[in-house]
Protein chains: 2
Amino acid sequence: MTKTKPIEPDTATDDKNQQILQGAMQEFLTHGYAGTSMDKVAKRGGVSKATVYSYFADKEGLFAALVQRLACEQVYFTVVDEEPTVALRLVAETLLDKSKKTPEFLNFVRLIIAESGRFPQLAQTFVKNIAKPGIERLTHYLASREELKLPDPEATARIFIGSLIYFQLLQEMMHGKEIIPMERDRFVDDLLRLVLSCKPN
Amino acid sequence: MTKTKPIEPDTATDDKNQQILQGAMQEFLTHGYAGTSMDKVAKRGGVSKATVYSYFADKEGLFAALVQRLACEQVYFTVVDEEPTVALRLVAETLLDKSKKTPEFLNFVRLIIAESGRFPQLAQTFVKNIAKPGIERLTHYLASREELKLPDPEATARIFIGSLIYFQLLQEMMHGKEIIPMERDRFVDDLLRLVLSCKPN
DNA sequence: GTCTATAGATCGATAGAC
DNA sequence: GTCTATCGATCTATAGAC
C-alpha cells in the first residue's frame, strides 16, 4: 500500500509472485490447464508474459506452483469434540456448504480431477494435503467415540465423507440438481441414521 | 470385412462416422477437450481433417456427439434380484471392477467432470443416462426388500453408490492408492454392514 | 465425398531494449 | 527486473482441386 517499500528480505513471498499466481488461479480454475494461455495469465496478473517466465520456468511449473499453494491453503472440514449427532451433522453441513462459501473450491476439485491423468503427482498432492487429513481426523473422532462401537472407523469415515462428496459432485458439479433433486437435509438425516443407529450383530 | 460393400441404406450409422468418433474418443478421453486437436482426431480416424468437418459442424459438435454416444453405451451396474448380502456385494464389486474391465470408463468420467463447467448440458446427459438410472435401480431394489426396513431407500442408494464412487475416485483416478491404501473388500464389508445390520430405533 | 493446401489466429517461449 | 516485439509451431476452420 505504501509507496516507499519497506526493507523486505527476499525470503518473504514476493509481491509479483503473488500477483501472477492470483491471475493464474482465475484462468486455470476456469479454463483448465490446456485451455489456459500464458498471455491471459500475464494480462490477468497485470504483468508482461516475460515477467511470468522470469518467475516460473514454464507453463507446467506455474501450474504446479499454483496447485501446491491451493492444496496448502484449503481445508476440507474440521471435527469438533461433541457428541456424534452434533459433530457428524456439523461435518456434513460444513462439507456441503463448502462450495457455497468458497466457490473456487469446487473448481479446484474439478481441476485436480481433470488433470489427474496428465499430472498424477499433483492429484497426489491433493490427496496428501486435503483428502487424507480429513479422513484421518474423522477416523480418529469415530474411533474415540466408543459408544458408536464401530468395528472399522476408517472405512466408516470414508463412507461418510465419500457419500457427501458424491452428493456434491452429482448435484452441484455435474448440475444434477434439476434432474435428480434431493434435499440436503434428507440426505444427511439418512447418513447419520446409518452411522449412528447401527450396532454390530 | 467383405470387399464388396452390401447395399446399405444411409439411414444406418455411417462407416466413416464411426471411424471419426472412434478416433475422437481416444483423443478426447486422453487429452481432454482443449488438449485435443482436430488434426490428431482426423489422423487417428484415418481420414482428412476436411472429412471430419463434413460430418461434424465443428469441434464442439464432434465432442457433443461423442459424449452422447458414450453416455448411451455405458451401463454403471445392474442389480440382481437376490438376497441383500448377495445382490449388494455384487453391485459393489461390479462398480469397483468397472475401471479394470473397461478402463475407458474412468477416463470418460474424468472427462465429463473436467468439462462439466464449460459443457454443463453434457454433464447433465451423463447424469440422466448413467447416474440416474443406476440410483433408481438400486432404490427400487432396496425398497422392494422390506426386511431391510429402510426409511429412505433413495437416500441410502445414493450413500451406497456415492461411497463406492468416491473410493474409486480417490484410490484410482487421483492415484491415492499408495498414499491412503485400503483393501477393497474391507471397504465393501463395512459398507454392507452399515446398510444391512441397521434397524431403525 | 474426400483429399491437399492454406488462411488467419493463437499458442508457448525468448531475444533484446531500457 | 520488466517491458515490447517476435519467432516458429500449432490451432480451428475452409477453399478449391479431383
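No experiment lies behind these values; they were computed from the predicted model shown. Residue numbers begin at 1 in each chain, while the letters A, B, ... track the order of the sequences.
- Taking the six-membered ring where the residue is Trp, the centroids of B:Phe63 and B:Phe56 are separated by 6.0 Å or more.
- The residues A:Glu27 and A:Lys40 are annotated as not salt-bridged, no charged nitrogen and carboxylate oxygen being separated by less than 4.0 angstrom.
- Using a 4.0 Å heavy-atom cutoff across all strands shown, B:Phe56 reaches no nucleic acid atom at all.
- For A:Lys59, counting side-chain heavy atoms from C-beta on, the closest listed nucleotide (C:dT2, D:dC3, C:dG12) is C:dG12.
- Rounding to whole angstrom units, CD1 of residue A:Ile20 and C1' of D:dG1 are separated by 11 Å.
- Atom P of nucleotide C:dC11 and atom OH of A:Tyr53 are separated by 11 Å, given to the nearest angstrom.
- The distance from atom CG of B:Asp39 to atom P of C:dT6 is 15 Å, rounded to the nearest whole Å.
- Residue B:Glu60 contributes atom CD, which lies 15 Å from atom C1' of D:dC11 at whole-angstrom precision.
- Residue A:Gly35 is the one, among A:Ala57 and A:Gly35, whose nearest nucleotide of DNA chain C lies closer to the 5' end (criterion: closest heavy atom).
- Contact check, B:Tyr55 against C:dG1: no side-chain N or O comes under 4.0 Å of OP1 or OP2.
- Looking only at atom types and distance, the side chain of B:Ser48 has a donor-acceptor partner in the side chain of B:Thr51 under 3.5 Å away.
- Taking atom CG on B:Asn17 and atom P on C:dG1, their separation rounds to 13 Å, with Å as the unit.
- As rounded to whole Å, 15 Å separates atom C1' of C:dG12 from atom CD of A:Glu27.
- At whole-Å resolution of the value, NZ in A:Lys40 and C1' in C:dG12 are 14 Å apart.
- Look at B:Thr51 and you won't find any side-chain N or O under 4.0 angstrom from OP1 or OP2 of C:dT2.
- Phosphate contact (OP1/OP2 of C:dC11, side-chain N/O of A:Ser37, threshold under 4.0 Å): present.
- Residue A:Met38 contributes atom CE, which lies 17 Å from atom C1' of D:dT6 at whole-angstrom precision.
- Taking the charged nitrogens against the carboxylate oxygens, A:Arg193 and A:Asp190 do have a contact shorter than 4.0 Å, which makes a salt bridge.
- Cation-pi contact between A:Arg158 and B:Phe167: absent, since separation from the ring centre below 6.0 Å together with deviation from the ring axis within 45° is not met.
- Listed nucleotides D:dT6, C:dT4, D:dT2 differ in distance to A:Lys49; the shortest reach to its side chain belongs to D:dT6.
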